[in-house]
Enquirer: 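Next up is a structure, given as structure tokens.
Below, read A as the first sequence line, B as the second, and so on, with proteins coming before strands; counting in each chain starts at 1. Bear in mind the structure is a predicted one, so any value in this text is a computation, not a measurement. Because only heavy atoms are used, hydrogens play no part in the values below, and waters and symmetry mates are left out as well, while side chains stay in.
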Protein chains: 2
Amino acid sequence: MIVRQAANVLEIMEFFAQVKKPATLAEIADHFGWPRSSTFNLLATLSEKGYLYEPRPRAGFYPTPRWLAMARMISEVEPLPSWTHQLISDLSAETGETASIVAPAGVMAVFIDVVESKAAIRYFATIGHRVPIHATASGRALLLQYSQEERDSVYRKIEFKQYGPSTPISIEAVETELRNSISRGYCQSFADYSRDLAGAAIPLPIGDRRLSVVVAGPEFRIGPKVPDVAALIARTVDRLRPKTTAA
Amino acid sequence: MIVRQAANVLEIMEFFAQVKKPATLAEIADHFGWPRSSTFNLLATLSEKGYLYEPRPRAGFYPTPRWLAMARMISEVEPLPSWTHQLISDLSAETGETASIVAPAGVMAVFIDVVESKAAIRYFATIGHRVPIHATASGRALLLQYSQEERDSVYRKIEFKQYGPSTPISIEAVETELRNSISRGYCQSFADYSRDLAGAAIPLPIGDRRLSVVVAGPEFRIGPKVPDVAALIARTVDRLRPKTTAA
DNA sequence: GGAAAATGTACATATATGTGAATTTATCTG
DNA sequence: CAGATAAATTCACATATATGTACATTTTCC
């Protein structure tokens, strides 16, 4: 069950992140199609908690820097090592495509860092974007780091859907693709989940965290180059990952 | 009316900002005394929206960097000029007390930037902290920038409460205190709102934004020095505020 | 300056939502 | 490796909550 008012808080935050200027109660209510009275309650709640204020008289509400203060506190803990951002930054620059660091979240994979391609036609992904773990290159690069039991446990919760012609729609299909990925040396996906999207990914274990790196873009552009891209990812990881004695 | 589930989202965020490590459903439910099923729904909603993930297997949830990404987008708009942080930073260093930048939010005043005192006994304020606009030095420094009509409009919404012995409990009392502040050259408060707390504040108009600076601390420590502190604030503003031809 | 329009606020009520109990899944223990 | 224990999920129902309606306030426009 989705908690509507919880989702609405996030929607409001995203709304402000987009419009980047104060908005009145009426504007917000109209934008979302919410009743004024409900909007009033929600804004009052956020204000009362110190997350919204009125920067200038009669110009409406805007989030306080409290969001930022909280987000900073949260993110200063086990941040990604700085070389991982360098990694996707370099990969995006060299390939011209979108590169991301991905982490597991149940049956989904979440983008936790993204450097977007600058091309007009590109894979549009944002931090927080989620994709099915079994039907994407980045997700499968996470699954490769799981034990068989852990994978089985994930499989049980997956609802297999035919997102595209090549989507694996059974446990065996996923396991087969994982085996292929191992022998191939990298994970790939050709519109397994998103239409026209192809990508290459490899596992990126950091400490006890299971992450993956993925480079993805429009199939027509990146498709033929997937093996090269995969090799580039591997080389770039080798170059940037700090050398340690332990594996 | 307070929107419970909206508030809960903020509580969860603050919880993670505090504990700074992943937490399982059970831990979160226990911490807040929420039913597990409700907690489940909330966490599912936040996860689905890309704000929560599972950094490592079976170690529970943690916010994704999406919070930070959103908060950055929001805060990169009309940020405070950098000299205002320098201002409160210097003030806190010189006085040993907590210094803040404050903005209006209806009948309340919100702290939008804070540098805390390092003393063991200190004014504990955080960004987002709210105080009544009429019963605090910082709030009255905001009211001084309002027109009479605007102030009247605010007064109509205030519920006058006797927070402390010196709290102004009528419109006249507030107006009188404002007049005194003008002739005095700064705003002050001696436990008008918070017990044992004294502070000095002055208006800080920036562009068309109405802000104020306040230095506050325990009454016994800062009380006798309030005039000096006020003078220091004024001097420091003069020193740091960029000179422009226009007023 | 006065009327009209827009915006913000309060409240009762129907309904969407949170929750307790039951079920399933995972983890620990001997 | 069972059996026990704890955690995560599901679901139907009572209730807390979102909202339609009415009212108040503020702003706009003539």
Enquirer: dT9(D) P sits how many Å from Leu25(B) CG, rounded?
Expert: 7 Å

Enquirer: Rounded to whole Å, please give me the gap between CG in Leu43(A) and C1' in dT7(C).
Expert: 13 Å

Enquirer: Grab the CZ-P distance between Phe40(B) and dA6(D) for me, whole Å please.
Expert: 21 Å

Enquirer: Does Tyr62(B) have its ring centroid less than 6.0 Å away from the ring centroid of Phe16(B)?
Expert: yes

Enquirer: Given atom CZ of Arg151(A) and atom P of dA26(C), what is their separation to the nearest angstrom?
Expert: 15 Å

Enquirer: Do Glu48(B) and Thr45(B) meet the criterion of a side-chain donor-acceptor pair at a distance under 3.5 Å?
Expert: no

Enquirer: Between atom OH in Tyr146(A) and atom P in dA26(C), what is the gap in whole Å?
Expert: 13 Å

Enquirer: Using 30° and 60° as the class boundaries, would you call the ring planes of Tyr123(B) and Phe111(B) parallel, tilted or perpendicular?
Expert: perpendicular

Enquirer: Counting only heavy atoms not in Arg209(B) (residues, nucleotides, ligands), do more than 12 fall under 6.0 Å from its CZ?
Expert: yes

Enquirer: Encode nucleotides 15-26 of chain D as B, S and - characters from 5' to 3', where the letter depends on protein heavy atoms closer than 4.0 Å: B to the base, S only to sugar-phosphate, - to neither.
Expert: -SSBBB-----S

Enquirer: Could you state the atom-to-atom distance from CG of Leu42(B) to P of dA8(D) in whole Å?
Expert: 15 Å

Enquirer: How far does CD of Gln162(B) sit from CG of Asp192(B), to the nearest 0.5 angstrom?
Expert: 10.0 Å

Enquirer: 5'-most contact on DNA chain C: Glu27(A) or Arg36(B), nearest heavy atom basis?
Expert: Glu27(A)

Enquirer: Report the relative orientation of the aromatic rings in His134(A) and Phe160(A); use parallel for angles under 30°, tilted for 30 to 60°, perpendicular for over 60°.
Expert: perpendicular

